[in-house]
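Please read the structure below before turning to the comments.
All residue numbers in this chain count up from 1 along the given sequence. Here the structure is a predicted model, which means the values were calculated and not measured.
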Amino acid sequence: MSKRVFRMLAAALVATTILVNPMVAEAGSILPAGGDTNYVLHTETDFKIMDMVYKIQNGETVNIENAAQMATLTKVGYADYQSAGPISITEGRMTYNTYWGAEDKEVYVVALSGTETIVENQTTTVKEDLQAGFELSNEYVLNVKNAIIDRIPAGSNIILAGHSLGGMVAQQVAADKYIKDNYEVLNTVTFGSPLIKGFSREGMVKRLGDSSDKNTFYSISSVLNIVWQYAGVNHEDGGYNGDSSAAHCDSYLREDVWGNYDCAGEKRGSVLGVETGSRMLTLNFATTSFYTSFYGTTSVVRSSIAPKKTPAECYDLAKQAVADGYMSEDALNQFTTFAMVTEIAPVETEVPEVIEADAEVVEAETVEESVETESVETETEETEVVETEAVAE
């Protein structure tokens with residue numbers, strides 16, 4: 001009887017996952033434009049992700065100070081923004097406060113994107129959602145482990161971060177025996193993900209969930225351990241009023257909602273005089289590697305990130321989005337730091353210099369002409385004086 005009840009509950013969970021709020025709706029805020037993988041960027045969160053894409057491509061060193069910035073890094077892995085793969089690994093340092101003083105550690109950050117159905121043969125589908133939701137092994141987990149082994153020296157400190165399915169896989173990796181035996185998993189932070197492998201994960205785990213995001217409950221723990229499933233989520237209200245898809249896609253990149261949580265998902269505060277939520281990452285994007293995650297692979301392929309659109313194209317789309325009412329002028333100015341404005345500025349400064357140079361030439365020519373005129377007039381006056389003196393004689 002108990003097995004039958006368990007099967008019924010499992011079937012209900014699957015039906016709820018697929019029919020009520022499909023997990024494949026990762027790209028709900030992105031509008032298609034002329035192709036299966038050609039997307040127009042129309043929201044503030046989209047521009048924040050593209051901004052980070054260009055920072056990674058340019059190899060910048062960036063401070064990740066809060067959870068919203070960490071969530072942005074996880075979402076760079078989506079194929080909407082690049083085609084290098086859903087797994088990224090970046091070297092950096094993490095600083096934070098403890099009871100014994102300040103800590104400074106070398107770390108590797110493993111960031112994982114979530115469900116992605118527009119990439120053929122990639123292990124980020126609803127199949128992996130269900131397998132991870134029931135805490136079963138899957139090829140996404142295997143490929144993440146292979147990427148870690150390929151890129152990160154044994155004994156290193158690791159921070160795992162993931163959005164949606166990526167967050168479930170991150171928890172599975174943090175609970176994996178090989179990873180725990182060979183690496184030090186310091187932190188795992190998830191965005192819009194349910195409880196997975198609660199009793200066997202290594203390190204501090206923080207799950208962040210918008211109060212409108214139902215995806216934080218789609219796992220077997222919703223049936224077997226509903227108290228931990230709910231109580232283990234740090235809830236914040238992004239104002240989506242029950243719109244789960246919008247909250248799932250956009251909330252976690254908003255600093256006005258998640259800026260009070262550090263990069264590892266701990267809320268800022270103080271306990272017994274020690275500052276909590278003080279973790280900050282300094283990441284060297286010149287070290288970032290992206291990895292594909294395909295079916296039937298025993299290893300993963302490291303690839304270079306390339307944005308889907310150029311800065312000029314992105315800026316043109318941004319201006320059109322403002323004209324169409326999809327975003328405000330303030331949002332455009334705030335989030336398009338990679339825009340053409342920075343490239344136009346030097347031209348604007350050169351134009352006045354050319355005008356000033358031309359003006360100086362004109363003034364010089366005018367002076368020369370006036371000198372020549374004065375000399376002619378002087379010569380004329382001298383001629384008249386000579387002629388007058390000759391007449392007088």
### Task
Check step by step if side-chain hydrogen bond (donor to acceptor under 3.5 Å, both in side chains) holds for T282 and N63.
CA-CA 4 Å; T282 300; N63 289 332; 2.9 Å; yes
### Task
Take T123 and S293 through the test side-chain contact (heavy atoms from CB on, under 4.5 Å) and record every step on the way to the result.
CA-CA 6 Å; T123 64; S293 181; 2.4 Å; yes
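Using the six-membered ring where Trp is involved, Y252 and H248 have ring planes that are perpendicular, over 60° apart on the 30 and 60° scheme.
Listed by chain and residue number, nothing satisfies the ring pair (Phe, Tyr, Trp, His ring centres under 6.0 Å) test with F290 (two or more places apart in sequence, or in another chain). For the side-chain contact (heavy atoms from CB on, under 4.5 Å) test, residues two or more places apart in sequence or in another chain that qualify with V257 are E236, S251, R254. Taking the ring pair (Phe, Tyr, Trp, His ring centres under 6.0 Å) definition, one finds that Y230 meets it with F217, H235, sequence neighbours left out. Looking at residues two or more places apart in sequence or on another chain, you find a side-chain contact (heavy atoms from CB on, under 4.5 Å) between D104 and R93, T95. For T72, the side-chain hydrogen bond (donor to acceptor under 3.5 Å, both in side chains) test picks out no residue, with sequence neighbours left out. Under the side-chain hydrogen bond (donor to acceptor under 3.5 Å, both in side chains) criterion, N260 pairs with no residue at all, not counting sequence neighbours. For the side-chain contact (heavy atoms from CB on, under 4.5 Å) test, residues two or more places apart in sequence or in another chain that qualify with A161 are M70, T74, V189. Scored by the side-chain hydrogen bond (donor to acceptor under 3.5 Å, both in side chains) test, E275 finds N97 as partners (sequence neighbours excluded).
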May I have the list of side-chain donor-acceptor pairs in residues 193-200 shorter than 3.5 Å, sequence neighbours left out?
from	atom 1	to	atom 2	distance (Å)
S193	OG	S164	N	3.2
S193	OG	S164	O	2.6

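For the pair E202 and K177, the salt-bridge criterion is not met [side-chain N within less than 4.0 Å of a carboxylate O]. A salt bridge links K145 to D176: at least one charged side-chain nitrogen sits closer than 4.0 Å to a carboxylate oxygen.
Within the structure, every pair that satisfies the side-chain hydrogen bond (donor to acceptor under 3.5 Å, both in side chains) test and touches residues 130-140, not counting sequence neighbours, is listed here: N138-Q172. Pairs passing the ring-ring contact (aromatic ring centres under 6.0 Å, His included) check and including a residue from residues 168-187, sequence neighbours excluded, do not occur. The ring-ring contact (aromatic ring centres under 6.0 Å, His included) contacts involving residues 142-162 comprise nothing, where partners must be two or more places apart or lie in separate chains.
One hydrophobic cluster, built from ILVMFWY side chains closer than 4.5 Å, cannot hold both M94 and M280; they sit in different ones.
When N146, L142, V141, I148 are each tested for a side chain to side chain contact (heavy atoms under 4.5 Å, CB included) with V144, only one passes: I148.
Inspection of the Y240 and D213 side chains reveals no N or O donor paired with an N or O acceptor under 3.5 Å. For the residue pair Y291 / D150, a side-chain donor-acceptor distance below 3.5 Å is found, with atom types taken as modelled. In the model, T124 has no side-chain atom that pairs as donor or acceptor with a side-chain atom of T115 under 3.5 Å. For the residue pair Y295 and T125, a side-chain donor N or O sits within less than 3.5 Å of a side-chain acceptor on the partner. Checked by atom type, the side-chain pair E106/N157 shows no donor-acceptor distance below 3.5 Å.
Atom OG1 of residue T288 and atom CZ of residue R151 lie 8.0 Å apart, to the nearest 0.5 angstrom. The structure places CG of L283 at 8.0 Å from CE of M52, a figure rounded to the nearest 0.5 Å. The distance from atom CZ of F294 to atom CD of Q122, rounded to the nearest 0.5 Å, is 6.0 Å.
A heavy-atom distance below 4.5 Å is not found between the side chains of I158 and E184. Looking only at side-chain heavy atoms (C-beta outward), Q82 and P307 stay at 4.5 Å or farther from each other. Side-chain contact between I159 and R279 is absent, with no heavy atoms from C-beta onward closer than 4.5 Å.
Summarising the local packing, CG of N58 is surrounded by more than 12 heavy atoms from other residues, nucleotides or ligands at distances under 6.0 Å.
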